[in-house]
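Hydrogens, waters and symmetry mates play no part in the numbers below; they use all other heavy atoms, side chains included.
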Amino acid sequence: MDALPSPDPAAAEPDGFVVEIEPGDRIHFLDWGGDAEAGSPGVLLIHGLSNTAWSWTPVARRLRTSRRVVAMDLRGHGLSDAPTEGYDAPTFAGDVLAAAEGSGLLATTADRVVLAGHGFGAIVAAWAAVDLGERCAGLVLVDGGWESLEVASGMDVEEFLRGLEEPPEVMRSMTAFLADRAAFDPSTWDADQERAARATVVETHAGKVVSATRPHAAEASVRAMFRYDPLVTLAAVRAPVAALAAADDETGSRARALAAASGARASAGLGRIRVTTFGHDGHNLMRYRPEAICAAILSVAGDHAG
C-alpha cells in the first residue's frame, strides 16, 4: 500500500466542470488534480443524500498528494442538473461513468478508477462498480452501501421520507444551521466544513434556509435507495471492497448486515469486505476519520496494482 498522505491544507482550490449526459442533464464535478504515478488508478468520490462534492474536502486534500482526485455532485444535488427522470440504478451508474470519463480519470480503456461513496453515494458507487467491471480498481463504502434501507431503518419508504425534514429551529437562519453542524464535533469544525455545510442549503429572502437538494430529486433518490439489494450488488463487484462503519445500533444490526454482505461476496468466489469500525463516531466519517478513508482507498488501489 502507498504511504498514507499528509493533509495538504494549502492546496489550490479545485476546478469545477460539468459533463453533459444529454441536453438539460449535466453532472458537475470538482477536479482536485493531484500527483499519481503512471498507471495508478485515480479516485472518484461520491457524496451522500442531500450533500455535495464539498463534503469530501478533508479526504481530497490528503489524497491529492498521491492520486488524481475528482468528487462529483449526484444528479439533483449540488451544481448538477435536476431532471425529473433518471433516478434509478442504471442512470446513476451512467452518471458516474460520465464523470469518470469527462474528468479524464477513465481517458483510455486501460485506465482504472477507485470509487468511494458515502451513505447513498456508497450505493451509487456499488452500482457503478458493477457496470465498470474490470475498469473499477476498488470500491470503498463509507458508512453505507451494505444494508437494505428498509431493514436497517425499520421504516417503509413513505415513513422514511417524512423523517427527512430538519427541525425548524435549525433552519431558521444560516447562523442557526451552521451552529448546529459545528456542534456535532467542534474540534473538527473548520472553514472547509463550513463551506461544505453552506453548499447543502439556500438562504431565502426571509433569512431562513432550505435544502439545496431539489425536493423531487431527494424523494426519487430515497426511493432508489429502498430498491437497492446489497447482497446481489456487492456479490457482483469484481474489485476489492473495503467498508468503514460508524457507530452501530444497540443490537449490532449494521455489523450483521455487513457480515452478510461480506459472506455473499465470499459465496460468489470474491474477496471478503475489509471492515474498519468506529464505534463512537457519527455518520460523516469524512469529517471525523479522513485519514482512515484515505488508507482504505489506497489499500484497495494497491491491491489492484499488485
Side-chain angles (χ1 to χ4, degrees), residues 46-53 55 72-78 80 82-93 95-96 117-128 141-171 177 180-181 184 196-197 199-202 208-234 243-261 264 278 281-288:
I46 308 170
H47 65 81
L49 184 69
S50 298
N51 221 307
T52 78
S55 65
M72 66 179 286
D73 284 334
L74 292 169
R75 59 177 48 225
H77 294 71
S80 290
T84 57
E85 299 178 343
Y87 299 89
D88 54 72
T91 308
F92 276 121
D95 291 345
V96 173
H118 175 236
F120 175 48
I123 292 174
V124 173
W127 283 329
L141 309 173
V142 181
D143 208 43
W146 62 79
E147 298 165 292
S148 161
L149 189 56
E150 185 167 10
V151 173
S153 67
M155 305 178 188
D156 64 23
V157 65
E158 304 300 336
E159 185 179 3
F160 188 92
L161 284 167
R162 289 194 295 271
L164 286 181
E165 288 191 14
E166 294 275 1
E169 61 271 19
V170 172
M171 308 298 277
F177 178 75
D180 177 76
R181 268 39 186 181
F184 289 168
T200 65
V201 292
V202 175
K208 296 181 179 181
V209 294
V210 296
S211 174
T213 304
R214 291 63 155 184
H216 72 275
E219 178 179 345
S221 297
V222 168
R223 294 188 184 281
M225 292 168 69
F226 270 79
R227 293 191 294 270
Y228 175 65
D229 188 334
L231 300 185
V232 171
T233 302
L234 294 177
L244 300 98
D248 206 340
D249 59 30
E250 292 181 356
T251 68
S253 64
R254 303 194 70 217
R256 289 195 300 274
L258 186 47
F278 303 98
D281 289 317
H283 180 55
N284 188 359
L285 291 178
M286 296 93 73
R287 174 175 174 175
Y288 309 128

| query | Does the side chain of Trp146 reach to within under 4.5 Å of the side chain of Arg254, using non-hydrogen atoms? | reply | yes
| field | Residue pair Ala199 / Ala212: nearest heavy atoms and the distance that separates them | value | O-CB, 3.8 Å
| message | Just so I know, are the side chains of Asp95 and Leu74 near enough to count as touching, which here means a heavy-atom distance under 4.5 Å? | response | no
| Under 3.5 Å, side chain of His77 to main-chain N/O of Thr213, donor-acceptor pair present? | no
| 4.5 Å side-chain heavy-atom contact, Met72 and Ile46 | yes
| Where do Leu285 and Asp143 come nearest, in terms of heavy atoms and distance? | CD1-CB, 4.2 Å
| query | Would you call Glu166 and Arg181 a salt bridge, taking side-chain N to carboxylate O under 4.0 Å as the test? | reply | yes
| More than 12 foreign heavy atoms under 6.0 Å from CD of Glu85: is that the case here? | no
| request: Please step through side chain to side chain contact (heavy atoms under 4.5 Å, CB included) for the pair Val201 and Met171, ending with a clear verdict. | output: CA-CA 9 Å; Val201 292; Met171 308 298 277; 4.2 Å; yes
| field | Parallel, tilted or perpendicular: rings of Trp127 and Phe92 (30°, 60°) | value | parallel
| field | Smallest separation among heavy atoms of Asp249 and Gly252, with atom names | value | OD1-N, 2.8 Å
| Thr233 side chain reached by Tyr228 side chain, heavy atoms, under 4.5 Å | yes
| message | If we ignore hydrogens and angles and just use 3.5 Å, is the side chain of Asp248 paired with the main-chain N or O of Ala255 as donor and acceptor? | response | yes
| query | Would you call Tyr87 and His216 a side-chain contact if the rule is heavy atoms closer than 4.5 Å? | reply | yes
| query | Going from CE on Met225 to OG on Ser148, what distance comes out if it is rounded to the nearest 0.5 angstrom? | reply | 10.5 Å
| said: Nearest 0.5 Å, please: how far is CE in Met286 from CG in Asn51? | reply: 6.0 Å
| request: Would you confirm whether the ring centroid of Phe160 sits within less than 6.0 angstrom of the ring centroid of Phe226? | output: yes
| Which atoms form the tightest heavy-atom contact between Arg214 and Ala82, and what is the distance? | NE-CB, 3.5 Å
| Are any of the side-chain heavy atoms of Arg256 and Thr251 separated by less than 4.5 Å? | yes
| So, does His118 use its side chain to make a donor-acceptor pair with the main chain of His283 at under 3.5 Å? | yes
| For Glu158, salt bridge (charged side-chain N to carboxylate O under 4.0 Å, His left out) partners two or more places apart | Arg223
| query | Which distance, rounded to the nearest 0.5 Å, do you find between the CG of Leu49 and the OG1 of Thr200? | reply | 11.5 Å
| Heavy-atom pair of closest approach, residues Thr52 and His47 | O-CB, 3.2 Å
| request: Heavy atoms only: give me the nearest Arg75-Ser80 pair and the separation to one decimal. | output: CA-CB, 4.1 Å
| field | Separation of Leu258 CG from Leu141 CG (nearest 0.5 Å) | value | 8.0 Å
